Amino acid sequence: MSSVLYSLGRWAVRARRLVVALWVVALVLVGGAAGLLQQGLDNQVSIPGTESQEALDRLAATFPQVSGASAQVIVVAPDGGTINDDAMRAAIEDGVEDLGDVSQVEVVTSPYDDLMPASVSDDDRATLLTIQLDGDQGSITDETKDALGVETEALAQALPAGAEAHLGGQLFSSKFPEMTLTEGIGLLVALVVLVLTLGSLVAAGLPLLNALLGVGASMGLLFAATVLGPINSTTPMLAVMLGLAVGIDYALFIVSRHREQLGKGLDVHESIARATATAGSAVVFAGLTVMIALVGLGVAGIPFLTIMGVAAAVTVGVTVLVSLTLLPALLGMAGERLRPRPSRKERRAAARAAAAAVEASQGTPAQDDPEATRTLVAVVAPPEEKPNRFFAGWVRAVTKVPALTVVLVIAGMGALSYPALDLRLALPDAGVMAEDDPARVTYDLVSENFGDGFNGPLIVTGSIVTSTDPVALMDQIGDEIADLPGVADVPLSTPNESADTGIIQVVPEGGPTSAETEALVREIRSLHDHFLDEYGVDLAVTGFTAVGIDVSDKLGNALLPFALVVVGLSLILLTMVFRSIAVPIKATIGYLFSVGAAFGVVSLVFEHGVLAEALNVTRTGPVISFMPIVLMGILFGLAMDYEVFLVSRMREDYVHGGSAKHAISTGFQGSAKVVTAAAIIMIAVFVAFVPHGDMNLKPIALGLAVGVAVDAFVVRMVFVPAVLALLGEKAWYMPKWLDKVLPSFDVEGEGLTRELSLTEWPEPGATDSVAAGDLEVHGASGTIVGPVSVRVPDGGTLLVHGDATAPVSAFLLAVAGRIKVSGGVAKTAGLVLPERASSVRRLVAVVDSAAEDGRPAAAVRRALGDKPKVLVVDGTETVGDLAARAELAQAVAGAQAAGVAVLLGSTGFAATDLASAGTPVLDVTPGERAGAGAHLATDTDVTEQEVRA
């Protein structure tokens, strides 16, 4: 991974103008596609397979008058008056007629209509006009909504003085969230933190630009994708919030690593490539974990949530792509301007050192040779990196008594998570809107004059095709349901015109999101078999309120499977990264602490009202149903970010020879500053969406802000060092069998470091096709080949011979990149093994003579058609036919003539007849090596010089 990213970073710097131009063109194309294709957003929520949704679908076919979206107009007479007053009645009747003439309106109830009467309050002062529309909520046009608003306003004007009319109901129960200036505060905070962290306005601007470009491209793709299907209105806001946060953070990690390397004197282009390879590897890992977790939201089986997760995952993916391509190009354009400048004190010290060097070298005072002084000052070595006193003290404090630290963290997280037991979920309604919003005014007036249940009536429906008296049947069922506890009223109980479907409108005593209404829905559903046996009617409960309850139930049921997927994924991924058992378990426990704390704080604010007014919470109560699963998915990826960036530095110091305790301190100091800045930026971005955010996004934003704060500053920077200090060397233990099974994910860039250190090996300017130094390979049946030291020049040939097939094949397949090198150093086609094994495999052709029916020459010629750098022909001893061997020798000669290096493997005898005279032979026969026991050793009868000759 790091090697590929290193090459990508170098290319992006060299072709920086092209990279920037390509991204500008991409933004223009994506923006144009969004403008041409976008179909708008949708607020409709549906879950296929639930009782409420299936009943709603059946009603659309059998009783369309009640299956579509609905709205309400509440009319309230002035003090002392009633709706039966002549002036009130005339205005209401005209208003009902005008509302009924609006496009897409199916029917409007009237308090003066005996067939479809509107609800009237007990004191006759208020009436609730129900507007039934033709189509679901997503199909109702903005023109229809505006027309309903105009007619309602006209009705209000026509009413007597003191009377009022307001429009609301299901159709207006949710609003499209909008970006405001408040969200920009988060970006300003991010800019300040970036300037303080990076020490340069130019460097600080690059992460912001990176995030904005990533979000812009993602939004274009998202709105263009609306042509394929509806997208929930919360999706873009969630994607923007997440894209800004990770875009700034990912760029911060790369830019900070680049400036750190520049401070040590590294060349600009080389530093960009290395930063892209090292910090970029961690960015790729972090981005992948976030994307996997977001796509994992599909576990819930809810279409709108799956789309939300995929859209957010695409945003993160685009951000990672921008960070790995556009950002290196911009860093290249910034050039030397990002190199940290030494302080005034350091410059004075450098000048004194330069003057002393001039005097010592020339024997003359420095002031007599100002040109020499200036030259020496210019090339003075950068100062050594000083330890950060603050973070050194921090890590020393949390690891002084690690057991106590762990206990305190567990106790604190338990206390903060406890309120999460009270967390309730529901789909938000108009009751959570701002108090001056027209839909909220209607909602409050309905509750005041009719009761909370009128804001979310239930519909009980079933087939009555077998009934001989459908009207009487529906009256009987309606009367029985009206007697149930929690039912405030049953205003409607009627069959449809064809008398094959009946509906019962049930008004609960509680509001749409109350626990009482949820209990009533469960009670009616529990009587399903009773109504089937007693009346022969298969009843189902549906309506906007029932759909919301089913959504919450399904999301709640999906939470545990999703949590298991996320926890299992984190264990596997972190085991791959850190090659440890204890570290992933500790990281996963810490993640659960962060999730619990986030849920606990959300419950305190939205359920118990703590700081609710300060955070502009319009109404306490249940939070949006998908908050827990979305928060868990996003927080998982962000928690893995901090784990990787913090602990990988500790592991890097430990692997490079430091003690476990010392590695905790040095690794913490090396990464804590950047992790702190990244966390503060994320918190600022998330918090900015809380004060003015809509009630769908507000609990998610608050939960993420709390989760990031707890995860970064408590879990990763307190709990993690304490646990590692408690475990000591055991923290990095991993069984050998598991280490072999799991693939390696080099996020620290160790492979790249090794490659760079071997750039001029075996000697500067070497052009060997194959070079090996003390190479060891584990062959079949536990055999070991090596150590082998050999070099094959470009176009050269080497015969590899042994008494058994295993060692010969193992050596050949190792240098061909097909099996892993166990020890020593090896390069094939100039690429280091095993780090560049995948690239080596593309450059090395392997022919197994035993699999070619004794005629491998044709296979060799086919392989040469791919123009490999190296050709490996194994099992040549199986070619016993003299003609076939002559043909193979001719094919090998053709490879040599084409400049391809050839390695020929054989057992039993050296295949000297397949190569020109004097071709060196590498003999890998079983032997005994002192102190090593019986195993396959290498007894070579050829030296490096002979092979090169």
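It should be emphasised that the depicted structure is a prediction, and the values quoted were computed from it without experimental measurement.
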Is any side-chain heavy atom of [X] less than 4.5 Å from a side-chain heavy atom of [Y]?
X	Y	result
Met734	Thr575	yes
Thr876	His801	no
Ile819	Val777	yes
Leu288	Val320	no
Val879	Pro856	yes
Phe811	Leu922	yes
Val844	Pro868	no
Val847	Asp874	no

Item to check | Worked check of side chain to side chain contact (heavy atoms under 4.5 Å, CB included) between Val870 and Leu903 | outcome: CA-CA 8 Å; Val870 179; Leu903 277 67; 4.0 Å; yes
Item to check | Those residues that, when tested against Arg16, pass salt bridge (charged side-chain N to carboxylate O under 4.0 Å, His left out) (two or more places apart) | outcome: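 Salt bridge (charged side-chain N to carboxylate O under 4.0 Å, His left out) list for Arg16, sorted by chain: empty.
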Next on the checklist: Can you list everything that forms a salt bridge (charged side-chain N to carboxylate O under 4.0 Å, His left out) with Arg861? Sequence neighbours excluded, please.
Outcome noted: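 Salt bridge (charged side-chain N to carboxylate O under 4.0 Å, His left out) check on Arg861 returns Glu887.
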Answer with yes or no whether the side chains of [Y] and [X] bring together a donor and an acceptor at under 3.5 Å.
X	Y	value
Ser7	Arg10	no
Ser906	Glu877	no
Thr325	Trp11	no

Next on the checklist: Salt bridge check, Arg885 against Asp913: does any charged N sit closer than 4.0 Å to a carboxylate O?
Outcome noted: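 Answer for the salt bridge query: yes.
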Checklist entry - Hey, are Lys661 and Glu729 close enough for a salt bridge, meaning a charged N less than 4.0 Å from a carboxylate O? => result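 Between Glu729 and Lys661 there is no salt bridge, as every charged N stays at least 4.0 Å from the carboxylate O atoms.
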Checklist entry - Does the salt bridge (Lys or Arg N to Asp or Glu O under 4.0 Å) test come out yes or no for Glu763 and Arg791, once each step is laid out? => result CA-CA 11 Å; Glu763 62 186 33; Arg791 293 170 67 179; 3.6 Å; yes
Euclidean distance, [Y] [atom2] relative to [X] [atom1], rounded to 0.5 Å:
X	Y	atom1	atom2	value
Arg836	Leu831	CZ	CG	5.0 Å
Leu914	Leu888	CG	CG	5.0 Å
Trp732	Met650	CH2	CE	7.5 Å
Leu262	Glu270	CG	CD	11.0 Å
Ser281	Leu324	OG	CG	8.5 Å

What pair of heavy atoms forms the shortest contact from [X] to [Y], and how long is it?
X	Y	value
Ala895	Leu871	CB-CD2, 4.0 Å
Trp761	Gly773	CH2-N, 3.7 Å
Thr797	Pro920	O-CD, 3.7 Å
Ala857	Ala891	O-CB, 4.1 Å
Ala279	Arg257	CB-CB, 4.1 Å
Val13	Gly332	CG1-CA, 4.4 Å

Side chain of [X], backbone of [Y]: donor and acceptor closer than 3.5 Å?
X	Y	result
Thr319	Thr315	yes
Asp768	Ala771	no
Lys827	Val815	no
Ser271	His258	yes

Item to check | Check against side chain to side chain contact (heavy atoms under 4.5 Å, CB included), Leu221 and Val318 | outcome: CA-CA 10 Å; Leu221 290 173; Val318 171; 4.1 Å; yes
Item to check | Atom CZ of Arg17 with >12 non-hydrogen neighbours under 6.0 angstrom | outcome: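 No, because the 6.0 Å sphere around CZ of Arg17 holds 12 heavy atoms or fewer from other groups.
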Next on the checklist: So, applying side-chain contact (heavy atoms from CB on, under 4.5 Å) with Leu327, which one of Val283, Val19, Asn210, Thr276 is it?
Outcome noted: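 The side-chain contact (heavy atoms from CB on, under 4.5 Å) with Leu327 is passed solely by Asn210 among Val283, Val19, Asn210, Thr276.
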Next on the checklist: Run Leu775 and Val821 through side chain to side chain contact (heavy atoms under 4.5 Å, CB included) and show every step you take.
Outcome noted: CA-CA 7 Å; Leu775 173 67; Val821 172; 3.1 Å; yes
Item to check | Intermediate values then yes/no, side chain to side chain donor-acceptor pair (under 3.5 Å), Ser839 and Arg842 | outcome: CA-CA 5 Å; Ser839 298; Arg842 292 193 295 270; 3.3 Å; yes
Next on the checklist: With side chain to side chain contact (heavy atoms under 4.5 Å, CB included) as the criterion, how do Ile254 and Ser323 come out once you've worked through the C-alpha distance, each side chain's angles and the decisive distance to 0.1 Å?
Outcome noted: CA-CA 8 Å; Ile254 294 175; Ser323 301; 4.3 Å; yes
